[in-house]
S.K.: 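Dropping the structure in here first, questions after.
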Amino acid sequence: MPNVDNYDKVVMRLAPYPSGALHIGNARMVILNDEYIKKYDGELILFFDDTIGSSQLLREQNPEKAKYVLPESYDLIKEGLEWLDVTYSKIYYKSDRLQHYYEYCESLIKENMAYICFCSAKDFKENYINQKKECPHRNHTIQRNLEEWDRMLGGSYRETEAVVRLKTGMDHKDPALRDQIIMRISEAAHPRVGTKYLVWPMLEFSWAIDDYLIGVTHILRGSDLVKEDYIEDFIWNHFNWKKAQFLHYGRINFPDMKLSKTSARNKIQKGEFDGWEDPRTWSLQSLKKRGIRPEALRATLLDLGMSLSGITFSVNWLYSKNQNIIDEISDRYFYVENPVKVEVKNVPFKEKIAEPLLLPTKAEKGTRKIKVESEEGTISIYISQKDATNLKETKIIRLKDLININIDKIDLQSDHITANYESTELNREYPIIQWVPEKHNIPVKILKPDGTILNGLGEVNLKNIPMNKTIQFERYGFVNPIRLENGELFCYFTH
RNA sequence: GCUUCUGUAGUGUAGUUCGGCCAAGCAUAUGAGGCUCUCACCCUUAUGACCCGGGUUCAAAUCCCGGCAGAAGCACCA
């Protein structure tokens with residue numbers, strides 16, 4: 001990190017916009033900040049970037065697209081940070097600090113660095129930005145601008161009728177930086193301060209003020225915000241303030257994941273998603289529910305580093321890191337999806353207890369017991385549909401830790417298979433599959449990351465497992481048990 | 001279109017500051033083999049990259065120039 005020595009102490013800030021729970025993409029910003037703070041023994045500030053968001057007009061005309069503060073997200077964000085094990089020294093709210101922005105905005109007007117503009121957005125872009133011309137309002141006197149500023153604050157103008165523009169220069173070579181708006185009017189209500197304020201700052205302006213006031217030394221932001229550096233720097237230069245350092249990281253694309261707090265919010269409101277824990281939100285809350293370890297997410301994000309190039313994120317990186325952690329602590333159980341019944345005849349015992357290891361890599365953890373009983377020399381068990389479709393008549397397979405059976409007849413139409421007892425000893429020639437007794441088992445539902453729910457049966461020992469501790473269904477994958485209700489186990493699929 | 005940034009194996013990253021130790025490391029993915037009463041884990045092994053073209057130099061992934069490709073910004077969003 002550059003220029004650490006220019007400052008007594010490294011101070012950085014997390015600046016989430018509270019429009020929903022933090023998701024896997026936001027976590028990169030959080031983790032990188034946290035790692036730098038730890039490395040340089042600095043201070044981390046949580047600064048809710050809760051300005052007003054979209055105007056009242058947009059909220060009415062296009063509520064789907066509108067961006068606004070969601071009251072519950074303040075807590076959702078804190079919860080996510082806690083899960084990530086990120087601590088901060090203090091909390092600020094932008095919505096508490098409007099007076100600061102007003103004060104410095106007025107200074108800029110007084111010093112002829114800003115003016116009140118009455119152009120519409122379209123007009124300004126087409127006639128002035130694109131043609132590098134100054135709009136008529138730009139040359140109003142300071143006195144006039146101050147009067148109009150008072151009228152803006154006093155409510156004489158409605159939304160979109162007046163804005164404050166910074167005089168960065170209409171001939172600036174970068175069209176993105178020509179006389180940017182720094183303050184605008186919003187009639188929308190804010191969850192924390194209601195309609196107390198009518199005039200709200202734009203992101204870059206508010207940060208120019210706050211980063212200075214709260215003493216931030218290093219600012220980490222995505223490459224989508226590089227132009228904001230210019231505005232902050234412009235204002236710091238003008239006030240002759242000590243500057244913070246900017247650091248950037250590139251954008252990540254998340255194919256097959258819709259990573260948008262706004263979009264998640266809409267789907268939750270419509271009832272399409274089951275709250276912020278729905279795996280399709282990819283929120284930190286949902287990852288926790290799935291049994292993803294925060295250390296795995298941290299390591300994955302850290303692997304990406306500060307690279308400026310656009311990255312296509314592969315969720316397998318996360319799964320792989322997570323598996324390294326949970327594989328050696330997740331107990332194993334039998335689970336059969338879309339069960340198909342198998343009747344095994346001519347078994348030479350009345351009852352037999354299979355004793356598979358809870359965790360093969362740690363045999364000292366012991367075994368679990370699965371009992372099967374025969375009636376008139378026949379036992380009934382279930383296997384998964386997937387395994388059933390791979391069976392062939394007269395072929396021998398092994399029911400893991402139990403017996404070998406010789407397939408007799410396969411009738412997948414009626415989900416019924418018959419077989420004959422073959423032998424008991426392990427023989428590696430035979431394919432090994434998992435099974436569940438017909439008499440003692442437990443229904444299991446699994447919620448997949450795409451929102452689908454799958455049904456199956458699990459071994460009876462699942463009735464006595466702790467919730468929220470990942471387990472592995474052998475030859476299937478890892479799941480996180482969420483609740484045992486009405487004799488049914490409900491799990492989130494991990495990976 | 002204008003502005004800025006970035007280009008190392010399928011994917012991501014290390015190395016680029018101060019050229020040589022990089023015929024390029026690591027992770028993940030994939031193939032093969034081993035271990036195992038899971039097609040998990042673990043072990044062994046294989047595959048696979050410096051965007052292109054010039055230039056400087058004894059020497060370039062690293063410096064310079066020119067292409068090309070990708071990303072971001074050009075909102076009264078953050």
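Just so it is clear: chains get the letters A, B, ... in the order the sequence lines come, proteins before strands, and each one is counted from 1.
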S.K.: Calculate, to the nearest 0.5 Å, the distance between atoms CZ and CD1 belonging to A:F478 and A:I292 respectively.
M.R.: 11.0 Å

S.K.: Within 45° of the six-membered ring axis of A:F493 and under 6.0 Å from that ring's centre, is NZ or CZ of A:K448 located there?
M.R.: yes

S.K.: On RNA chain B, does the nearest nucleotide to A:R28 precede the nearest nucleotide to A:D50 from the 5' side, or the other way round? Give the residue.
M.R.: A:R28

S.K.: Can you tell me how far C1' in B:A49 sits from the matching atom in B:G12, rounded to whole Å?
M.R.: 12 Å

S.K.: When the distance from NE2 of A:H190 to P of B:A78 is rounded to whole Å, what number comes out?
M.R.: 10 Å

S.K.: A:M202 CE to B:A75 P: how many Å, rounded?
M.R.: 10 Å

S.K.: If you measure from the C1' atom in B:G33 to the same atom in B:G15, how many Å do you get, rounded?
M.R.: 33 Å

S.K.: Please say whether the positively charged group of A:K94, taken as NZ for Lys or CZ for Arg, lies over the ring of A:F47, i.e. under 6.0 angstrom from the six-membered ring centre and within 45 degrees of the axis.
M.R.: yes

S.K.: Rounded to the Å, how far apart are A:D174 CG and B:C74 P?
M.R.: 10 Å

S.K.: If I pick the C1' atom on B:U8 and the same atom on B:A61, what distance separates them, to the nearest angstrom?
M.R.: 7 Å

S.K.: With sugar-phosphate meaning primed atoms plus P, OP1 and OP2, does A:C119 contact a base, only sugar-phosphate, or nothing at under 4.0 Å between heavy atoms?
M.R.: base

S.K.: Taking the P atom of each, how far is B:U45 from B:U38, in whole Å?
M.R.: 24 Å

S.K.: Could you list the residues that satisfy salt bridge (charged side-chain N to carboxylate O under 4.0 Å, His left out) with A:D34, not counting sequence neighbours?
M.R.: A:K38, A:R298

S.K.: Any donor-acceptor pair under 3.5 Å between the side chain of A:Q323 and the base of B:A40?
M.R.: no

S.K.: Residues two or more places apart in sequence or in another chain: which of them pass side chain to side chain donor-acceptor pair (under 3.5 Å) with A:T470?
M.R.: A:S330

S.K.: Please list, one pair per line, the donor and acceptor atoms closer than 3.5 Å that link side chains of residues 17-32 of chain A to other protein atoms, with sequence neighbours excluded.
M.R.:
residue, atom, partner, partner atom, Å
A:H23, ND1, A:G25, N, 2.9
A:H23, ND1, A:N26, N, 3.3
A:H23, ND1, A:N26, OD1, 3.4
A:H23, NE2, A:N26, OD1, 3.4
A:N26, OD1, A:H23, N, 2.9
A:R28, NH1, A:G250, O, 2.7
A:R28, NH2, A:G305, O, 2.9

S.K.: Quantified in whole Å, what is the C1' atom distance between nucleotide B:U4 and nucleotide B:U57?
M.R.: 32 Å

S.K.: Between B:A9 and B:C5, how far apart are the C1' atoms? Round to whole Å, please.
M.R.: 24 Å

S.K.: Describe the nucleic acid contact of A:L225 in one word from base, sugar-phosphate, nothing, applying a heavy-atom distance below 4.0 Å.
M.R.: base

S.K.: Let me know the distance between CG of A:L318 and P of B:U11, rounded to the nearest Å.
M.R.: 20 Å

S.K.: Would you indicate whether the side-chain heavy atoms of A:I181 and A:V164 approach each other to under 4.5 Å?
M.R.: no

S.K.: At under 4.0 Å between heavy atoms, what does A:V226 touch on the DNA or RNA strands: base, sugar-phosphate, or nothing?
M.R.: nothing

S.K.: Which sits closer to the 5' end of RNA chain B, A:S320 or A:D387, going by the nucleotide each is nearest to?
M.R.: A:S320

S.K.: Whether the side chain of A:K227 and the base of B:U3 hold a donor-acceptor pair under 3.5 Å is what I'd like checked.
M.R.: yes

S.K.: Send over the distance from A:N316 CG to B:U11 C1', rounded to a whole Å.
M.R.: 10 Å

S.K.: Any base atoms under 4.0 Å from A:G305, or only sugar-phosphate, or nothing? Heavy atoms, all strands.
M.R.: nothing

S.K.: Looking at A:S314, I'd like to know whether one of its side-chain N or O atoms comes within less than 4.0 Å of OP1 or OP2 on B:U11.
M.R.: no

S.K.: Taking B:C76 as the reference, what is the distance to B:U30 when you measure between their P atoms (whole Å, please)?
M.R.: 47 Å

S.K.: C1' atom, B:U13 versus B:C18: distance in rounded Å?
M.R.: 23 Å

S.K.: To the nearest 0.5 angstrom, please state how far the CD1 atom of A:I329 sits from the CD1 atom of A:I471.
M.R.: 12.5 Å

S.K.: Heavy atoms only, 4.0 Å cut-off, all strands: where does A:T51 land among base, sugar-phosphate and nothing?
M.R.: sugar-phosphate

S.K.: Of the candidate nucleotides B:G73, B:A40, B:G12, which contains the atom at the shortest distance from the side chain of A:I311?
M.R.: B:G12

S.K.: Would you classify A:S330 as touching base, sugar-phosphate or nothing, given that sugar-phosphate means primed atoms plus P, OP1 and OP2, and contacts are heavy atoms under 4.0 Å?
M.R.: nothing

S.K.: Could you work out, with salt bridge (charged side-chain N to carboxylate O under 4.0 Å, His left out) as the rule, every residue matching A:R368, not counting sequence neighbours?
M.R.: A:E459, A:E474

S.K.: In whole angstrom, give the distance that lies between atom CZ of A:R251 and atom P of B:U6.
M.R.: 17 Å

S.K.: Provide, to the nearest angstrom, the distance between the CD atom belonging to A:Q61 and the P atom belonging to B:C76.
M.R.: 15 Å

S.K.: Taking any heavy-atom pair under 4.0 Å as a contact, classify A:K65: base, sugar-phosphate, or nothing.
M.R.: nothing

S.K.: Using a cut-off of 4.0 Å between protein heavy atoms and nucleotide atoms, how would you tag nucleotides 43-52 of chain B 5' to 3' with B, S and -?
M.R.: ----------

S.K.: Using OP1 and OP2 only, check whether a side-chain N or O of A:K125 sits under 4.0 Å from B:A75.
M.R.: yes

S.K.: Side-chain contact test, heavy atoms from C-beta onward, threshold under 4.5 Å: evaluate it for A:M12 versus A:I45 and give yes or no.
M.R.: no

S.K.: Does A:R221 qualify as a cation-pi partner of A:Y249, given the criterion of NZ or CZ under 6.0 Å from the six-membered ring centre and within 45 degrees of its axis?
M.R.: no

S.K.: Using whole Å, what does the distance between atom P of nucleotide B:C74 and atom NZ of A:K173 come to?
M.R.: 18 Å

S.K.: Under 4.0 angstrom, heavy atoms only, what part of the nucleic acid is A:R178 near: base, sugar-phosphate, or nothing?
M.R.: nothing

S.K.: Any base atoms under 4.0 Å from A:Q472, or only sugar-phosphate, or nothing? Heavy atoms, all strands.
M.R.: base

S.K.: As a test of your reading of the structure, name each stem of RNA chain B as range with range, where a stem is three or more consecutive Watson-Crick or G-U pairs at under 3.5 Å.
M.R.: B:1-7 with B:68-74, B:10-13 with B:25-28, B:29-34 with B:42-47, B:51-55 with B:63-67

S.K.: With A:R13 as the cation and A:W207 as the aromatic partner, state whether NZ or CZ is under 6.0 Å from the six-membered ring centre and within 45° of the axis.
M.R.: yes

